[in-house]
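Worksheet: one structure, shown below.
Start at 1 with the first residue, then count along the sequence. These numbers come from a predicted model, not from an experiment.
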Amino acid sequence: MEQKNFIEALCASSNGVVVERRKSIIIPLVTLLVGVAILVANYFIENGSDANNLKSALVLVGGATALIGVILCAIRIFGGGAPYHTEDKCYLVHKSYSFEKSIQAKVVDIVNNCDRVALETLGESDIAGVTVDCYYSPRSKFCAMQAFAFEELVYKSVTELRIKS
């Protein structure tokens, strides 16, 4: 299951508690404006042998900051939304866990119980035979998770989407 499908299933099965919502564009706009302000400040520095290095640094930093601001603005405007918990008034935190295939039964049992604390205590692996996608609220005990196993060169769902409020 793709990440987007996981978010859609989470929003559909939470009875309106979780909705997909875009994040604010204020921070990317501030980043863009800071970059433009640095470029404008460069214009007011007089040319001279002492100032050439400073002017070059300001152009580099201002241009890079403005470019990052433009990219972040485009992502916020044209990108998809993130899961938002309406009762807690916060965005859900995403965490992905990777485990060895040998402990798949234990992972499935933990996911069926929707126990994020027990999942954190398991030793993660660099080789992802079994993965668990988890969204949780930092302000309450809301948690949603699903386990996937790597079979036939794709990740297939081994559990249903579990939600714990």
Side-chain angles (χ1 to χ4, degrees), residues 1-36 61 63-165:
M1 176 183 279
E2 293 180 6
Q3 186 73 19
K4 184 71 174 167
N5 294 340
F6 184 85
I7 294 172
E8 287 176 0
L10 174 61
C11 293
S13 62
S14 67
N15 297 327
V17 174
V18 176
V19 295
E20 196 169 358
R21 183 173 166 185
R22 291 181 191 229
K23 292 187 176 183
S24 174
I25 196 167
I26 292 173
I27 300 297
L29 279 178
V30 169
T31 305
L32 174 61
L33 292 176
V34 166
V36 170
V61 170
T65 305
L67 181 64
I68 289 170
V70 168
I71 292 170
L72 290 176
C73 284
I75 289 171
R76 294 284 171 92
I77 292 171
F78 300 112
Y84 182 80
H85 197 280
T86 56
E87 293 174 0
D88 291 345
K89 295 182 178 27
C90 66
Y91 288 96
L92 296 179
V93 177
H94 176 251
K95 179 114 171 138
S96 186
Y97 302 93
S98 301
F99 303 103
E100 293 178 3
K101 187 87 167 168
S102 61
I103 60 170
Q104 179 175 343
K106 192 176 206 178
V107 171
V108 167
D109 185 45
I110 290 173
V111 170
N112 284 333
N113 293 330
C114 205
D115 189 4
R116 188 172 62 90
V117 176
L119 201 61
E120 298 255 347
T121 60
L122 283 179
E124 287 194 61
S125 172
D126 293 334
I127 301 171
V130 179
T131 63
V132 177
D133 275 344
C134 176
Y135 279 93
Y136 64 92
S137 172
R139 296 185 182 168
S140 69
K141 293 185 178 182
F142 179 85
C143 181
M145 59 178 60
Q146 187 171 8
F148 302 92
F150 191 72
E151 297 173 1
E152 300 173 10
L153 302 177
V154 294
Y155 281 102
K156 294 185 179 181
S157 174
V158 292
T159 64
E160 296 294 321
L161 174 66
R162 301 290 182 195
I163 297 175
K164 177 181 167 186
S165 296

Any side-chain heavy atom of [X] sitting closer than 4.5 Å to one from [Y]?
X    : Y    : answer
R116 : C134 : yes
Y97  : V130 : no
K23  : R76  : yes
V19  : T86  : yes

Taking atom NZ as the centre, does K106 end up with more than 12 heavy-atom neighbours from other residues, nucleotides or ligands that are less than 6.0 angstrom away? no
Check this for me: I77, atom CD1, are more than 12 non-hydrogen atoms of other residues, nucleotides or ligands nearer than 6.0 Å? yes
Could you tell me how the ring of Y84 sits relative to the ring of Y91: parallel (under 30°), tilted (30 to 60°) or perpendicular (over 60°)? perpendicular
Spatial distance of atom [atom1] ([X]) from atom [atom2] ([Y]) [nearest 0.5 Å]:
X    : Y    : atom1 : atom2 : value
L92  : R139 : CG    : CZ    : 11.0 Å
T65  : L32  : OG1   : CG    : 10.0 Å
I25  : I75  : CD1   : CD1   : 11.0 Å
Y136 : H94  : OH    : NE2   : 10.5 Å
K141 : K164 : NZ    : NZ    : 7.0 Å
H85  : S140 : NE2   : OG    : 4.5 Å

Hey, mind stepping through V18 and F142 against side chain to side chain contact (heavy atoms under 4.5 Å, CB included) and telling me if it holds? CA-CA 10 Å; V18 176; F142 179 85; 3.5 Å; yes
Identify which one of D115, I103, V117 satisfies the side chain to side chain contact (heavy atoms under 4.5 Å, CB included) criterion when paired with I110. D115
I need the single residue from L161, L119, N113, D133 that forms a side chain to side chain contact (heavy atoms under 4.5 Å, CB included) with M145. Which is it? L119
Using every non-hydrogen atom in the two residues, find where C114 and I163 come nearest and quote the distance to one decimal. SG-C, 4.2 Å
Between the main-chain N or O of V108 and the side-chain N or O of N112, is there a donor-acceptor pair closer than 3.5 Å? yes
